[in-house]
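To start, the structure under review is shown below, and the notes come after it.
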Amino acid sequence: RNLRGDGTRRSCHDAVAAAPDDAAACTSAYITACADEPCPMPDGSGGSWSIAMCEYNATASHCFSNHYLVCDEAWMFMPASPPPPSAPSPNQCLALVGRSNLRADGSRSSCHDALTSAPADPAAACHSSYITSCTDEPCSVPGNNSDRWAVSFCQYDGITGRCYSDGFVSCEEAYMFMPAPPPPPPITPQPRAPPPSPCSALIGRTNLRREGQRRSCHDSLAAHPANPEHVCETSFITSCDAEPCSVPNGQGERVAVAFCEYDRILKTCSSSHFTTCAEEWMDMLSPP
């Protein structure tokens, strides 16, 4: 709105003269240029005018004009844009679905009476209940028609252990007779996968001592000098104190084995340590 629309040479600060803290009153105003009273008035003839928008300083509670702009006067006569529609509020009557009316039998029960039905879980018993408005017994009972009823949802106070009604709202009867949604399916715990076995590295490897000779990992390089890294890392050795070495015979025993590892810098093949594995790992060609 133009503070000088009546010809008076007002300033932006006059917009908040009655309420200095009303920022909206300030930012919704502007002034047109005016040297002397009475100020010239835009008349919708299509001319251009110097105008200054009012701005609000919350710290000083001050409304002021910063600088002037030249605008077509047609902008001053445009109707204000309607405010955007507010988001619809959630239907609070949906909370009736699955709840029990404590006064369904005509008695003038209170929310606190819900606790007597399930003393082991008072919070759940309270939150699953509501009451309809009732002045005298026997209370009127909803009949699944299209009437509206004043209902109050029961609330539980975990500190005092009290179940109480907070206030009444008007709801259609239909919400009281809607079936409760089915419970979610139970979560079946999934078995955890066993941790990876260090013995799985035996799959596809060759035992250099399978013939009973006490070979070392480095002996594997002599067989394939053209590809030493591959032949080294596809080999292993079993524990052996003296020749002839004991050879796994498929009887299901556990055997101490060491994996061959290749050193690219030194170009050597060596075993670092032994680990105990079941024989069956040595016969696998691919993971189980």
Side-chain angles (χ1 to χ4, degrees), residues 1-99 111 127 130-135 142 145-160 162 164-176 178 181:
R1 62 190 177 93
N2 182 8
L3 296 177
R4 295 175 177 173
D6 59 356
T8 306
R9 194 168 180 265
R10 295 186 179 90
S11 67
C12 279
H13 195 66
D14 292 326
V16 294
D21 295 329
D22 192 349
C26 174
T27 56
S28 63
Y30 68 92
I31 56 175
T32 48
C34 177
D36 295 300
E37 293 187 0
C39 299
M41 294 289 300
D43 56 7
S45 60
S48 296
W49 286 79
S50 294
I51 63 170
M53 308 294 182
C54 296
E55 301 178 13
Y56 188 72
N57 185 321
T59 303
S61 298
H62 179 61
C63 185
F64 64 97
S65 58
N66 197 354
H67 58 275
Y68 281 86
L69 304 170
V70 177
C71 296
D72 292 337
E73 67 175 23
W75 291 101
M76 307 179 197
F77 297 95
M78 287 184 181
S81 301
S86 57
S89 59
N91 188 349
Q92 56 187 338
C93 297
L94 282 172
L96 286 170
V97 178
R99 291 196 183 217
C111 280
H127 288 147
Y130 69 94
I131 56 174
T132 47
S133 178
C134 178
T135 306
N145 298 311
S146 58
D147 296 334
R148 298 188 69 87
W149 284 76
V151 300
S152 181
F153 303 105
C154 297
Q155 309 287 337
Y156 185 72
D157 188 324
I159 298 176
T160 63
R162 189 169 64 95
Y164 63 97
S165 60
D166 198 13
F168 283 85
V169 295
S170 177
C171 292
E172 294 181 4
E173 282 183 328
Y175 289 105
M176 307 180 195
M178 288 183 180

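Bear in mind that the values here come from a model prediction, so they are computed numbers and not experimental data.
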Test disulfide bond (SG atoms under 2.5 Å apart) on C171 and C93; report intermediate values, then the result.
CA-CA 6 Å; C171 292; C93 297; 2.0 Å; yes
State which residues pass ring-ring contact (aromatic ring centres under 6.0 Å, His included) with F64; sequence neighbours excluded, sorted by chain then number.
H62
Salt bridge (charged side-chain N to carboxylate O under 4.0 Å, His left out) contacts touching residues 49-75 (sequence neighbours left out):
none
Provide the closest heavy-atom pair for T32 versus P42 in the form atom of the first, atom of the second, distance.
CG2-CG, 4.3 Å
Partners meeting side-chain contact (heavy atoms from CB on, under 4.5 Å) with D6 (sequence neighbours left out)
T8, R10
The criterion is side-chain contact (heavy atoms from CB on, under 4.5 Å); which residues satisfy it with S170, sequence neighbours excluded?
R148
Measuring only between side-chain heavy atoms, which start at C-beta, is I131 closer than 4.5 Å to V151?
no
May I ask you to test the N2-Y30 pair for a side-chain heavy-atom distance under 4.5 Å?
yes
Mind listing the closest non-hydrogen atom pair of F168 and T132 along with its distance?
CE2-C, 4.0 Å
Considering all heavy atoms, the nearest C71-I51 contact:
SG-CD1, 3.7 Å
Using the side-chain hydrogen bond (donor to acceptor under 3.5 Å, both in side chains) criterion, which residues pair with Y130? Sequence neighbours excluded.
none
Does the SG-to-SG distance between C63 and C54 fall under 2.5 Å?
no
Could I get the full list of disulfide (SG to SG under 2.5 Å) partners for C134, not counting sequence neighbours?
C139
Derivation and outcome, disulfide bond (SG atoms under 2.5 Å apart), residues C34 and C39
CA-CA 5 Å; C34 177; C39 299; 2.0 Å; yes
